[in-house]
Amino acid sequence: MSELLIRKLELRDHLSAEEKQIIRDMVGPARLVRSDFDIVCQGDHPSESTLLLEGFTFRSVYLKDGQRQITSIHVPGDFVDLHCFLIKQMDHNITALTPCRIAKVPHATLQRISETQPHLTRMFWLSTLIDAAIHRRWLAAMGRQSALAHAAHLLCELYVRQNEIGLVDGASFRAPLTQVKLADALGLSHVHTNRVVQELRERRLVEWLGDRVTVLDWDGLAGLAEFDPTYLSLCCEPR
């Protein structure tokens, strides 16, 4: 159940056989959750962290008037709330974007790992640092890029993050975002979001059918987005 997490970590540094077994042993039984199920809610005090095995989730913050801002999207193999091991009280929601298969890791287990496995602890720390880097990049895109470039960047990120775990089929990958959720991720109105998607299609950068996106012109899409995957820390080096 934890092989995708191991694969993601090994893209960034070598794991010993012992470390891989520790990861396999720490994960609890898998369970299924439906789309739109809140895995963790704002204000919760979780005693476990969640590993996403299949499907997609998103983080979001709700305002008092009911508006929602999606702040990141998680792909299979992600620890979606590893940070709550130390933060304790959640300040945002984590919700299933699609039907998902998840597994829990008790914080007591993570504490033992942090006390006995310094390298593995650093690798988990790196996961939270990458989450923070994604937040920074989303903030820069929302604040300083055009809506079109922002949308292009989101698609580039989803492509690269799924490609690293073998979930890209040629140039095609999943982007299971309704227009409403895409608008919440981009910080746009539904009407503006629809125009942005149409322009990406008209420029022949992507084909978007249902929940699948096919990249027709990667150089054009990445150029429009000013996409630089450095923030995803994909190079393998000692940590």
Side-chain angles (χ1 to χ4, degrees), residues 1 3-5 7-8 11 30 32-37 39 51-60 68-78 80 94-102 130 134 137-138 141-142 145-229 231-232 234:
M1 291 191 299
E3 296 309 307
L4 280 181
L5 173 60
R7 179 171 179 170
K8 290 168 77 78
L11 285 172
L32 299 175
V33 297
R34 57 173 174 77
S35 177
D36 291 321
F37 175 80
I39 296 169
L51 179 61
L52 180 60
L53 305 176
E54 293 177 3
F56 296 77
T57 67
F58 63 90
R59 299 190 202 201
S60 64
R68 174 179 66 186
Q69 179 64 52
I70 291 176
T71 62
S72 64
I73 294 172
H74 287 286
V75 302
D78 282 354
V80 302
I94 298 174
T95 306
L97 183 58
T98 65
C100 293
R101 194 162 66 98
I102 62 173
I130 293 170
I134 289 171
R137 194 58 191 81
W138 278 45
M142 184 174 297
Q145 288 188 293
S146 69
L148 188 66
H150 185 186
H153 196 279
L154 173 58
L155 294 180
C156 288
E157 180 185 295
L158 287 175
Y159 175 91
V160 170
R161 291 175 66 200
Q162 290 180 70
N163 190 53
E164 69 174 320
I165 51 175
L167 295 183
V168 171
D169 181 10
S172 179
F173 63 99
R174 286 191 72 192
L177 291 158
T178 64
Q179 185 170 302
V180 171
K181 289 188 174 73
L182 181 59
D184 287 346
L186 298 177
L188 302 174
S189 69
H190 301 166
V191 172
H192 196 176
T193 299
N194 183 61
R195 290 176 184 155
V196 165
V197 172
Q198 290 304 319
E199 186 167 351
L200 289 172
R201 288 171 170 151
E202 289 168 2
R203 291 192 182 199
R204 300 295 297 161
L205 297 174
V206 300
E207 182 179 78
W208 198 329
L209 297 173
D211 71 350
R212 294 207 69 84
V213 172
T214 300
V215 178
L216 304 177
D217 179 359
W218 173 259
D219 290 341
L221 188 69
L224 172 63
E226 298 182 43
F227 183 74
D228 177 355
Y231 71 104
L232 297 174
L234 292 172

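Bear in mind that the values here come from a model prediction, so they are computed numbers and not experimental data.
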Asks: Looking at side-chain heavy atoms only, is the closest gap between Pro99 and Arg34 below 4.5 Å?
Replies: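 Counting from C-beta outward, Pro99 and Arg34 never come under 4.5 Å.
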
Asks: Ignoring hydrogens, what is the shortest heavy-atom contact between Leu182 and Leu177? Give both atom names and the distance.
Replies: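 Closest approach of Leu182 to Leu177: CD1-CD1, 4.0 Å.
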
Asks: State which residues pass side-chain contact (heavy atoms from CB on, under 4.5 Å) with Leu167; sequence neighbours excluded, sorted by chain then number.
Replies: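 For Leu167 the side-chain contact (heavy atoms from CB on, under 4.5 Å) partners, ignoring immediate neighbours, are Pro76, Gln162, Ile165.
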
Asks: Can you see which heavy atom on Val196 is nearest to which on Leu148, and at what distance?
Replies: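 Minimum heavy-atom separation between Val196 and Leu148: O-CD1, 3.7 Å.
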
Asks: Looking at the rings of Tyr231 and His153, which for Trp means the six-membered one, are their centres under 6.0 Å apart?
Replies: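 Centroid distance Tyr231-His153: below 6.0 Å, so yes.
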
Asks: Counting neighbours of CZ on Arg195 that are heavy atoms of other residues, nucleotides or ligands and sit closer than 6.0 Å, is the number greater than 12?
Replies: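 12 or below, so no.
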
Asks: Take the angle between the ring planes of Trp218 and Phe227 and call it parallel below 30°, perpendicular above 60°, tilted in between.
Replies: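 Rings of Trp218 and Phe227: perpendicular, as their planes differ by over 60°.
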
Asks: Would you say Trp208's side chain and Gly210's backbone share a donor-acceptor pair under 3.5 angstrom?
Replies: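 Yes: the side chain of Trp208 pairs with the backbone of Gly210.
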
Asks: For the atom pair OG1 (Thr214) and CZ (Arg212), what is the distance rounded to the nearest 0.5 Å?
Replies: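 Atom-to-atom, Thr214:OG1 and Arg212:CZ are 7.0 Å apart.
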
Asks: Rounded at 0.5 Å granularity, tell me how far OG in Ser146 sits from CG in Leu224.
Replies: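 Answer for the OG-CG pair, Ser146 versus Leu224, is 6.0 Å.
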
Asks: Working to the nearest 0.5 Å, report the span between OG of Ser72 and CG of Leu154.
Replies: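 With rounding to 0.5 Å, OG (Ser72) is 10.5 Å from CG (Leu154).
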
Asks: Would Ile73 and Leu158 satisfy side chain to side chain contact (heavy atoms under 4.5 Å, CB included), going step by step from the backbone distance to the final call?
Replies: CA-CA 8 Å; Ile73 294 172; Leu158 287 175; 4.1 Å; yes

Asks: Tell me the closest heavy-atom pair linking Ala152 and Leu200, and the distance in Å.
Replies: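 Minimum heavy-atom separation between Ala152 and Leu200: CB-CD2, 4.4 Å.
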
Asks: Please report the shortest heavy-atom distance between Val160 and Leu234, naming the atom on each side.
Replies: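 That closest heavy-atom pairing would be CG1-CD1, 3.6 Å.
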
Asks: I want to check something: taking the side chain as every heavy atom from C-beta on, are Glu207 and Leu209 in contact at a cut-off of under 4.5 Å?
Replies: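 Heavy-atom side-chain distance check passes, below 4.5 Å.
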
Asks: Salt-bridged, Lys8 to Glu164, with N to O below 4.0 Å?
Replies: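 So Lys8 pairs with Glu164 through a salt bridge.
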
Asks: Indicate yes or no for a side-chain donor-acceptor contact from Gln179 to the backbone of His190 under 3.5 Å, with no hydrogens or angles considered.
Replies: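 Indeed, once roles are kept as given, a pair shorter than 3.5 Å links the two residues.
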
Asks: Could you check Val75 against Leu52 for side chain to side chain contact (heavy atoms under 4.5 Å, CB included), going step by step and ending with a plain yes or no?
Replies: CA-CA 7 Å; Val75 302; Leu52 180 60; 5.7 Å; no

Asks: Looking at every non-hydrogen atom in both residues, tell me the closest pair between Thr71 and Trp138 and how far apart they are.
Replies: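 Scanning both residues, the minimum pair turns out to be O-CE3, 3.3 Å.
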
Asks: Quick one: which of Ile39, Leu97, Thr98 gives a side-chain contact (heavy atoms from CB on, under 4.5 Å) with Thr57?
Replies: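 When side-chain contact (heavy atoms from CB on, under 4.5 Å) is applied between Thr57 and each of Ile39, Leu97, Thr98, only Ile39 qualifies.
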
Asks: Between Asp169 and Ser172 (side chain of the first, backbone of the second, donor and acceptor by atom type, cut-off under 3.5 Å), is there such a pair?
Replies: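 Absent.
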
Asks: State whether the side chain of Gln145 and the backbone N or O of Ala225 hold a donor-acceptor pair below 3.5 Å, judged by distance alone.
Replies: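 Yes: the side chain of Gln145 pairs with the backbone of Ala225.
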
Asks: May I ask you to say whether Lys181 pairs ionically with Asp36, meaning some side-chain N is under 4.0 Å from a carboxylate O?
Replies: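 Salt bridge flag = yes for Asp36 with Lys181.
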
Asks: Before you tell me yes or no, could you show the steps for Arg59 and His74 under side chain to side chain contact (heavy atoms under 4.5 Å, CB included), namely the whole-Å CA-CA distance, both residues' side-chain angles and the distance that decides it to 0.1 Å?
Replies: CA-CA 8 Å; Arg59 299 190 202 201; His74 287 286; 2.9 Å; yes

Asks: Looking at Arg161 and Glu157, is any side-chain nitrogen of the basic one under 4.0 Å from a carboxylate oxygen of the acidic one?
Replies: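 Salt bridge flag = yes for Arg161 with Glu157.
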
Asks: Any idea which heavy atoms bring Val213 and Ala175 closest together, and the distance?
Replies: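 The answer is CG2-CB, 3.7 Å.
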
Asks: Assess the residue pair Arg203 and Glu199 against the criterion (salt bridge (Lys or Arg N to Asp or Glu O under 4.0 Å)); give the C-alpha distance rounded to whole Å, side-chain angles, the decisive distance to 0.1 Å, and a yes or no.
Replies: CA-CA 6 Å; Arg203 291 192 182 199; Glu199 186 167 351; 2.9 Å; yes

Asks: For the CG atom of Asp211 and the CZ atom of Arg174, what is their distance to the nearest 0.5 Å?
Replies: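 One finds 4.5 Å between CG of Asp211 and CZ of Arg174.
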
Asks: Which is it for Cys156 and Leu221 under the side chain to side chain contact (heavy atoms under 4.5 Å, CB included) test, yes or no, and what are the steps along the way?
Replies: CA-CA 7 Å; Cys156 288; Leu221 188 69; 3.8 Å; yes

